[in-house]
Q: 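The structure's right below; bear with me while I get my questions together.
Convention: sequence-line order gives letters A, B, ...; per-chain numbering from 1.
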There are 2 protein chains.
Amino acid sequence: MFANVYLHNNMRKPTEIRQEQIKQAVLDIIFTDGLKNLSTRMLAQRIGMSEGAIFRHFPTKQHIIVDIVNDVHKDFIGGLRKIALSKQNPPKRLEEFLCFTIKYLTDNKGITLLLFSEASHNNDVQLKQALTQIFNSQKKLLSKIILDGIAEGVWDESVPVESVAMLYMGIPVSLNIELILNSGLIDSSNFCNKMFQLMNKMLK
Amino acid sequence: MFANVYLHNNMRKPTEIRQEQIKQAVLDIIFTDGLKNLSTRMLAQRIGMSEGAIFRHFPTKQHIIVDIVNDVHKDFIGGLRKIALSKQNPPKRLEEFLCFTIKYLTDNKGITLLLFSEASHNNDVQLKQALTQIFNSQKKLLSKIILDGIAEGVWDESVPVESVAMLYMGIPVSLNIELILNSGLIDSSNFCNKMFQLMNKMLK
DNA sequence: ATCCTATATGTAAGCATTTACTCACTTAAA
DNA sequence: TTTAAGTGAGTAAATGCTTACATATAGGAT
C-alpha cells in the first residue's frame, strides 16, 4: 500500500534518454567551464548518476563528442540546407538562414566552443573531417543563397562571395562572446535581424 | 682553442629569453593541439628542456597564460588604440585597424583560440576580467572610429554601431577557422583588404 | 493478477596513466 | 665563489575507464 509512496531518486531510464541527458550535460559543461574542464566525474555529478553509469550509454568520452558532432551535422546543417534550397527569394532565405543559425546556437550554447576548439587539433582524423565538413557546408550553402541573389539581380554581382561567407562564419562566435560577457542574456530575434540588415546592405 | 667548437645543446639562457620561448611554445601548442592538450610535459619537450626547468621561469602553468594575456593587452590593444586615436581619416583608420588585427593574430596563431576558450570558464576571476577588458576595448575602439566617421559625414548616421562592432569581433575567428582548414596558408594583406571593403560598404 | 527470469541500468571501489608541481642535487656563467 | 639555470626522480591528485556486484524493469508462463 505504501510501497509506491516513496520515489526512488535513482529511477532507471532507457539508454536513449540517458544519452540525450549526457550530451546535453556535456554541452552545458563546455559552455560554463570549458572543454578542458570536461571530466567524466563532473559529468556524472551534474546528471546525478555514478561515473560508471555513463559508460553504460557511451563506450568512451570521445564517442559522446562524436555523437554530438553528428547531431550538429544532421540538425543544424540539415536545417540550413532546407532553408538554402527553398523556393523563397534570396533575401528571405538569407534572413532565415541567419535566424536559424542564431537560434540553434543559443539553444545549444556549448556547440560553438566545441566545434571551434575541437577543430584545432588533429588527434582524431575522423572527427576533424566531420568538423571540416560542417564548416564547409555552412560556407557552401550561404554562397549558394548569395549567388542566387546575384543571378536574380537583387544583389550586386561584384560582391566577393567568398569573403561574405567568411564574415558570416564569425557571427556565431561574436554571438558566443556576447553570451559569455552578458551571462547568457541576449535578444535572439533582434540580434538576427540586425545581422541580416548589415549583410543585406553589404550585398547591395 | 677547440673549446668553443662544440656547442652545448643545453646552453643556459637568461630567464627573460626562456619566458619568451615558453610563451611562444604555449601559443604554438594551443594552435596545433588545442588548449586541453597543453601540458607542461609537452611544453618542455617542444622547447627542448626538462619539465622542472619551466618552473624556474614561471611559478605555475596558469601564470604563463596570464602573462600572455597581459602581452595581448599591451601589444595588441595598445596597437589598436594608437590606430583608433590617430589623426587619419576614419576609413583609413578602419583599414589599418583591420589589417593590424589580422597581422597580429596570424603572427600569434594560438591567441584567438586562447582568448576565446579561456573566456568561457569562470575558474579564474582575475583572468576573466582581463579577457573581458580585451574584448570590450576592441569594441570600444572600433566604435570610436565608426562614430568619428559618421560625425565627419563619410558614413551613414543610421548605421547600428554596436552591431557592426559585433560583426568585427567575429573576423579573427573566421580567420582562425580558415587558417586551420587551410593549414596556415592565407594571404594576410589580401584578406584584410577584402574585409575593409565589406565593412566600408556596410557603413555607407 | 502473480511469479519467474533475462536483461538493461545502476553503483562503489579500484586500476593504470597523466597531470602540475617539488626537491635534492649539479653545473654553467657572471 | 656566488648565483641563476638546469636535471631526473618523485609526489599527490585527477583522469578515463573497468570490474564485480546489485536491482529495477519488461515480458512471458502460470
Q: Taking atom P of D:dG8 as reference, at what distance in whole Å does atom CZ of B:R56 sit?
A: 14 Å
Q: Check the distance between D:dA5's P and B:I17's CD1 and give it to me in whole angstrom.
A: 10 Å
Q: The side chain of A:R12 is closest to which nucleotide in this list: C:dT22, D:dT23, D:dA5?
A: D:dT23
Q: Using the ring pair (Phe, Tyr, Trp, His ring centres under 6.0 Å) criterion, which residues pair with A:F55? Sequence neighbours excluded.
A: none
Q: Can you list everything that forms a side chain to side chain contact (heavy atoms under 4.5 Å, CB included) with A:E96? Sequence neighbours excluded, please.
A: A:I83, A:Q88, A:K92
Q: Check this one for me: any side-chain N or O of A:S50 less than 4.0 Å away from OP1 or OP2 of C:dA12?
A: no
Q: Nearest heavy atom decides the nucleotide; on that basis, is B:A53 or A:T60 closer to the 5' end of DNA chain D?
A: B:A53
Q: Less than 4.0 angstrom between a side-chain N/O of B:H57 and OP1 or OP2 of D:dA4, yes or no?
A: no
Q: Quick one: list whatever passes side chain to side chain contact (heavy atoms under 4.5 Å, CB included) with B:K23, sequence neighbours left out.
A: B:E20, B:F58, B:I64, B:D67, B:I68, B:D71
Q: Between B:I47 (CD1) and D:dT7 (C1'), how many Å, whole number?
A: 15 Å
Q: Would you list the protein and nucleotides 13-18 of chain C atom pairs, both N or O, that sit under 3.5 Å from each other?
A:
none

Q: Calculate the interatomic distance between B:F55 atom CZ and D:dT7 atom P; express it in whole Å.
A: 14 Å
Q: Report the residues that fulfil salt bridge (Lys or Arg N to Asp or Glu O under 4.0 Å) with B:D148, sequence neighbours left out, ordered by chain and then residue number.
A: B:R93, B:K144
Q: Should we count NZ of A:K201 as having more than 12 external heavy atoms under 6.0 Å?
A: yes
Q: Ignoring hydrogens and angles, state whether a donor on the side chain of A:D28 or A:Q24 is under 3.5 Å from an acceptor on the partner side chain.
A: no
Q: Quickly work out the A:M49 CE to C:dA8 P distance and round it to whole Å.
A: 16 Å
Q: Is the base of C:dT9 touched by the side chain of A:R18 through a donor-acceptor pair closer than 3.5 angstrom?
A: no
Q: Take atom CD1 of A:I54 and atom C1' of C:dA12, then tell me their distance rounded to the nearest Å.
A: 14 Å
Q: From CD of B:E16 over to P of C:dA29, roughly how many Å is that when rounded to an integer?
A: 16 Å
Q: NZ of B:K61 versus P of C:dT19: gap in Å, rounded?
A: 9 Å
Q: Under the salt bridge (Lys or Arg N to Asp or Glu O under 4.0 Å) test, which residues partner B:D107, sequence neighbours left out?
A: B:K103
Q: Classify the nucleic acid contact of B:L38 as base, sugar-phosphate or nothing, counting any heavy atom under 4.0 Å across all strands shown.
A: sugar-phosphate
